[in-house]
Amino acid sequence: MSMELPIPAALMPRHVAIIMDGNGRWAKAHGMPRAWGHRQGVVALEPIISLCGAWGIEALTLFAFSTENWARPKDEVAQLMGLIVEFFNKKIDELDQKGVCIRMLGDLAGVPQVQRETARQAMERTKNNAGLKLNIALNYGGRQEIVRAAQRLAAKCASGEMTPEDIGETAFEGELYTSGLPMVDLLIRTSGEERLSNFLLYQCAYAEFVFVKENWPDFSPAVFAAALDAYARRDRRFGKV
Ligand code: FPP
């Protein structure tokens, strides 16, 4: 896959969000344990991150672990958590060199210490980088994020820092984990499932949804290019005619 733009630069989405679904089914289809599917999922992810940078996409947001994923078998939770730390340990130098700025979305206080610390260090180290904004949703839930924003605004009102009249979309968006990022232009979900699953509920208000049949470990640069092409062909009206 060349680094050549698959669509004109002017049509590139600013913010792409991906639900990396189907790792378990992919592993099962290959007669392997689910954990292997997640591991191959990280392998599939690496070139996609590079391409987002190369193609001038401003922000990439990945759904790594939801607030509901804790209900999975304990060993699968541990394997997913292990992969997160392994990813940062292995990739942080390269990401930093490429100018990637890492942000975690979600309730980091609720993840184990080693994941929290690794993620904090990655954010701290890359916070001034001006390249791709790579957001990793970990212990993330869209409703939880919205409720949290409401609580934070209520606290500011209670302390006199602001009044209810000050609460508009701008103030509200400032309390989301995605504060300062553009809204999602393109949401991609793999594996044929066509749901949002509590991901970026507020930010996807006018997102274009592209659902691809491939399971996440089979999400190649060519599949990504095809998803961008589908996006570029959409007629985005934002409620207008
Ligand atoms: C969905 O597949 C995938 C997940 C719940 C986890 C996705 C996480 C990764 C690929 C690793 C994240 C790591 C980094 C560094 C961002 P599934 O298990 O629900 O698949 P299934 O529906 O076939 O069972």
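Remember, it's 1-based here, ligands and their atoms both numbered in the order they're listed. The analysis underlying the following values was restricted to heavy atoms, covering all of them including side chains, and did not include hydrogens, waters or symmetry mates.
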Nearest neighbour of atom 13 (C) of ligand 1 from the list I84, I49, I136, on a heavy-atom basis: I84

Protein contact of atom 11 (C) of ligand 1 - nearest heavy atom, named by residue and atom, plus distance: V42 CG2, 3.8 Å

Modelled atom types, side-chain donor and acceptor of Q203 and T178, under 3.5 Å: yes

Ligand-side contact atoms (ligand 1) for residue partner R34, heavy atom cut-off under 4.0 Å: 17 (P), 18 (O), 24 (O)

Nitrogen or oxygen of W26 less than 3.5 angstrom from that of ligand 1: no

Shortest protein heavy-atom distance from atom 8 (C) of ligand 1, along with the residue and atom involved: A64 O, 3.6 Å

Shortest protein contact, atom 15 (C) of ligand 1 (heavy atom only): F87 CG, 3.2 Å

Under 3.5 Å donor-acceptor, N129 side chain and V100 backbone: yes

Protein contact of atom 4 (C) of ligand 1 - nearest heavy atom, named by residue and atom, plus distance: H38 CE1, 4.0 Å

Residue from K90, Q97, K98 passing side-chain hydrogen bond (donor to acceptor under 3.5 Å, both in side chains) with E94: K98

Lys/Arg N to Asp/Glu carboxylate O, K133 vs E58, below 4.0 Å: yes

SB check R236 D185 (cutoff 4.0 Å): yes

Protein residue, atom and distance nearest to atom 10 (C) of ligand 1, heavy-atom basis: N23 ND2, 3.4 Å

Note: D93-R125 ion pair, threshold 4.0 Å (strictly below): yes

Ligand-side contact atoms (ligand 1) for residue partner R25, heavy atom cut-off under 4.0 Å: 21 (P), 22 (O), 23 (O)

Numbering as shown, the atoms of ligand 1 that approach L45 to under 4.0 Å (heavy-atom distance): 16 (C)

Minimum non-hydrogen distance to atom 5 (C) of ligand 1, winning option of M81, R72, M20: R72

Under 3.5 Å: N/O of W216 near N/O of ligand 1: no

Contact check, side chains of V77 and N69, non-hydrogen atoms, under 4.5 Å: no

Option passing side-chain hydrogen bond (donor to acceptor under 3.5 Å, both in side chains) with Y202 (candidates E145, R143, E173): E173

Spacing of H30 atom NE2 and W36 atom CH2 [to the nearest 0.5 Å]: 6.0 Å

Residue portion contacting ligand 1 (non-hydrogen atoms closer than 4.0 Å) for N215: neither

